[in-house]
Novice: 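Handing you a structure now.
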There are 4 protein chains.
Amino acid sequence: MKALVYGGPGEKYWTDVPDPVVEDPRDAIIKVDTVTICGTDLHILAGHVPSVEPGRVLGHEAVGTVVEVGTGVSGPRPGDRVLASCISACGTCRYCRHGTYGQCLNGGGWILGHRINGVQAQYARIPFADLSTHKLSPDIPDEAAVLLADILPTSYEVGVLNGQVRPGDTVAVVGVGPIGLAAILGARLYSPSHIVAIDKADSRLQAAKQLGADVVVQPDSDPLEVVRALTGGLGADVVLEAVGTPETFELCTRLVRPGGRVANVGVHGRPATLHLEDLWIRNVTITTGLVDTYSTPTLLRMLGEGQLDVSRLVTHRFGPDDVLEAYDVFAKPAQSGALKVVVSLN
Amino acid sequence: MKALVYGGPGEKYWTDVPDPVVEDPRDAIIKVDTVTICGTDLHILAGHVPSVEPGRVLGHEAVGTVVEVGTGVSGPRPGDRVLASCISACGTCRYCRHGTYGQCLNGGGWILGHRINGVQAQYARIPFADLSTHKLSPDIPDEAAVLLADILPTSYEVGVLNGQVRPGDTVAVVGVGPIGLAAILGARLYSPSHIVAIDKADSRLQAAKQLGADVVVQPDSDPLEVVRALTGGLGADVVLEAVGTPETFELCTRLVRPGGRVANVGVHGRPATLHLEDLWIRNVTITTGLVDTYSTPTLLRMLGEGQLDVSRLVTHRFGPDDVLEAYDVFAKPAQSGALKVVVSLN
Amino acid sequence: MKALVYGGPGEKYWTDVPDPVVEDPRDAIIKVDTVTICGTDLHILAGHVPSVEPGRVLGHEAVGTVVEVGTGVSGPRPGDRVLASCISACGTCRYCRHGTYGQCLNGGGWILGHRINGVQAQYARIPFADLSTHKLSPDIPDEAAVLLADILPTSYEVGVLNGQVRPGDTVAVVGVGPIGLAAILGARLYSPSHIVAIDKADSRLQAAKQLGADVVVQPDSDPLEVVRALTGGLGADVVLEAVGTPETFELCTRLVRPGGRVANVGVHGRPATLHLEDLWIRNVTITTGLVDTYSTPTLLRMLGEGQLDVSRLVTHRFGPDDVLEAYDVFAKPAQSGALKVVVSLN
Amino acid sequence: MKALVYGGPGEKYWTDVPDPVVEDPRDAIIKVDTVTICGTDLHILAGHVPSVEPGRVLGHEAVGTVVEVGTGVSGPRPGDRVLASCISACGTCRYCRHGTYGQCLNGGGWILGHRINGVQAQYARIPFADLSTHKLSPDIPDEAAVLLADILPTSYEVGVLNGQVRPGDTVAVVGVGPIGLAAILGARLYSPSHIVAIDKADSRLQAAKQLGADVVVQPDSDPLEVVRALTGGLGADVVLEAVGTPETFELCTRLVRPGGRVANVGVHGRPATLHLEDLWIRNVTITTGLVDTYSTPTLLRMLGEGQLDVSRLVTHRFGPDDVLEAYDVFAKPAQSGALKVVVSLN
């Protein structure tokens, strides 16, 4: 089959590799119909994730059709159209028993396109298929469903739910690339009074407005003052970090009000400075997290009910021969205006 | 009256000052019976808290007897023996309505011995007396009650409750000076399986053992390995920071397991490094906080029921002529072995 | 002044009574601008609330202008336009310290128009004015604000928040009179997938649709089957009881799914049958409650932001000479179509 | 093999039946070492549980040794000594994903000795073995471990955790048979100030005292007055129902303070009267539930750490030839003084 293979820092190929096979009774094999690309895939290609070895098939977000299941799989059946979640979960370890699937102790967690071959391929092996796939109803289009493999549950669980957004809150979202925009979609479900989007790129701020931010501001236009003006000088109830740099994280800790919450969603490569000399007295809660995907069934239900308009997040669509071009477009959002790009493999 | 007056960095006097008077209808005046000294008082004397001006009477922990109340005070009556809490609370602002008294927006919060004259004096003015004093039953001795002015609720709310200690948990306490020791007392109420005390001073580790830590370890004896051995390699469920240095805070973030909680209790003067490059993926919750004293009524009830043996925390007792000596002893715990020192002013 | 006075079962008068005066330093006197009538007022008039004695001025929902405050009042000032909450709160008792104002132990709770004279009068005494009044911004009209005296916080706290409505839930509201309709408004803030309104009156079901219910059903059209069809046979995640009869309560316990929540909002005069022989195994949570009004500041903020369209709840408006007619209209909703009626007293 | 077989109301036999076999890839077969008898087994024998058909092997609490596992089982291995939980869990349905295993939608829940053959036999089939068995460390004796199959997690989850026992609380336990006594053990982990045990049998009240109740009272000695005297007239913070009759349930709703919680643990065969005419205004939370056993891993850890002294709950021990006698003793506690009886089958 064809697959997108990591060749070491800066190298990737759309090339022939052996078809995947059932290796464990809990595996399923899916024919991949639709995939998308994650910012993490770009990090891997840049060589920033040393646990990914050359030769690995990339990708952890897919919609596909089950073609085979192991003897220990009881849920998905061949022919089922399923969402393959970015997180694999054994379901029985201490973490999985509490729905903290991302921290699975038995070989699950984020493994697709990372520690094992991923889903940017014509076929893929999905471990622990009972918990890691979700059957799709026919009325949900592929390109909506595939956004629930990672970006929607990540922004919802690690951002909105960890941040405990509540009706009437003022929420600041620092960074409104795809993940920050998805967080705006999710935050709106809790009816905050204000969503303040902060980003350098004017095009992203425009997208943020369309998705539900009522205030947009660039970092050099004093977002602290903007937030204070909205909140009687107190600061934001909830601040979501959706960039992954020390500077943006530190901005978050300045934007939050005493008693407020900073939910870190960004993937960080460097340490940040935590100004405890100011924060120790301010009753602040800071959370981090890899997505667990415990919210995926609920998000799928809301998607089916028309409560999540994810279509605005998809800016580019590609066919099976254009995987490499899809990467080019996604990697250069400043030129392409890309948010999420979707590739149909059939 | 006599009072302990701050004279600028390094200077303090036990000297005559005017008696306090009712300035607001919600004030009470108390005759101070018993006080204790806080680590924060030492910070003020060292000049680290610029909001404290020379001439200020220090102290925010007292047991006293009400001698006068303003017309707007409905609870305490002259003659009542009361605990004066370290936190004053208007009771009506946005924060006070949620019990977040430490962040009071109407002139409350930590003001005693900070923004207004404090309680290390023969008499003291207690603002917002209805919420900020607690009537004491006769069977509670002064030296037990005075520990509920600050150190017990601080370690309980900001440490144990923010950290969400639960039965069966492994709790690591980094720093077992008075506040860390009080946190051990509070943590035991939730029946953790293990309390690991970490401190440089052997004498404090011995005190920790007596108060309920089952494992004690010095920082240079690889506490990370000790905690991992207890927890199947995972790390502590809850880590309490009770020192206030960048190094101890960073140790806490290494000790905590994925999905665990770091509750910062220490008062920090410098920023710490937050290793988000490791922590972003680990589902960690970090909390900070000034005490709100919402737990004081419950702690008082438990003290009356004999559930909180705070007597071990008091190592030295002084009379009304020995306030300055009490400071000397408290300021040099390495020589004196002091934990909390109590001064009777009558 | 003129006031609406209870004269014993079935008797009420709009008559002259002495003006109220400050009786406690924490009192405020307001000139009443706008009031509304509560179903509880009808219960009192029917003689169902024996704690209300003849001669009592009725009413616990008002917008007014402060004309005088006691010496212990620090917030509201003469001239301030305020909302007078249905709940009075001392702010210092065990319950008030946790925001459970409705259970105040020091003479607060629901006292207006119940244990002391109420607000359906030209002037009213508001005890504990610091906590029990809320300053109104000029852009909030009286007839919107007055709905936040009781019906909005009651339906939100006792219904929506006790019921823990969450995004994606199916919520059933049994009874869509004014309080049930207000609960629909509040529930929508949490983005449930479905709100099922159940009521005998077609006109109320139509109002429910306009306010956000997506499914409406009469009790004799098998609401259990309707809810099951929406929920894969499981039942509703949250059921709100907003009638106050044994039959409707029992219906609620049949509608709820295993693991779901029944939040009772209705005022009951008779016991209900609790089918523990079915429910013991179903992980059901049932809550009751008098409103505490802890949510009023948040609701006021959302009202100011345009997030709560309460105007649809007001069907009839009356002037100062028509208080008795307002009662007639409100008491006969089947004929009048009345939801909430508002009376301007100036 | 030998097994205890239900023969219809009033009939049971210790007789020969075919050995169990793996029927599903997720099954395990265990050789049963130790069992105990549940009050539910007596209900079944009395014919109160019509879903149990004659011919069914009874029992849902066992410690055993794995002898065979299906191809889809990844955790337990032949030779492992395991606890077989009373609840079987598919791990993948909507309920199991949230740890609500008792409500499993895929054929799990309470099925052992109920819908399928149980464990009071020399061998037993355990469905969904990965989630439904727990490997035991050698230092935990059988007769302690077997109490974690049902009675300990039931009293802890459905009683202590649903009731949200907190430090300083007053907890009333209505009924101190085995399940109520186990609830006392669990409640103590949260350091309530008072545990009030209420029961008709003096012997059980004595056992309650030994396990940690500080106040014991018989129902006809005015427990309401006893609880009020302890709580300043308010009532208990938490009340646990551990009998299962309308009368005891109604007593619970009288004992609870405004704002308190009633957690029903008892198995009910008849409806109770819910006095909503009193309770609607009192902010009461009532919970019911079948155990989910999500707490079993934590309880096992605490048992291993010596934090749960369950040995006092076992009053009688029997050998493999005395299963019927064990039933007789357990069924007549008034004569035998039996709490839990344990049967060794090897």
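In the text below, chain A, chain B and the rest are named by the order of the sequence lines, each starting its count at 1.
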Novice: How would you list all residue pairs meeting side-chain hydrogen bond (donor to acceptor under 3.5 Å, both in side chains) that involve residues 157-169 of chain C, not counting sequence neighbours?
Specialist: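 Qualifying pairs: C/Glu157-C/Ser295.
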Novice: Return all side-chain donor-acceptor pairs below 3.5 angstrom for residues 297-308 of chain C, not counting sequence neighbours, or 'none' if the list is empty.
Specialist:
residue, atom, partner, partner atom, Å
C/Glu305, OE1, A/His194, NE2, 3.4
C/Glu305, OE2, A/His194, NE2, 3.0
C/Gln307, OE1, A/Ser193, OG, 2.5
C/Gln307, NE2, A/Ser191, O, 3.0
C/Gln307, NE2, A/Pro192, O, 3.1

Novice: Report, by ascending residue number, the residues of residues 175-189 of chain A in heavy-atom contact with chain C at a distance under 4.5 Å; give 'none' if the set is empty.
Specialist: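 Expected list: A/Arg188, A/Leu189.
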Novice: Side-chain donor-acceptor pairs under 3.5 Å in residues 145-154 of chain A, sequence neighbours left out?
Specialist:
residue, atom, partner, partner atom, Å
A/Asp150, OD1, A/Thr154, OG1, 2.7
A/Asp150, OD2, A/His60, NE2, 2.9
A/Thr154, OG1, A/Asp150, O, 2.8

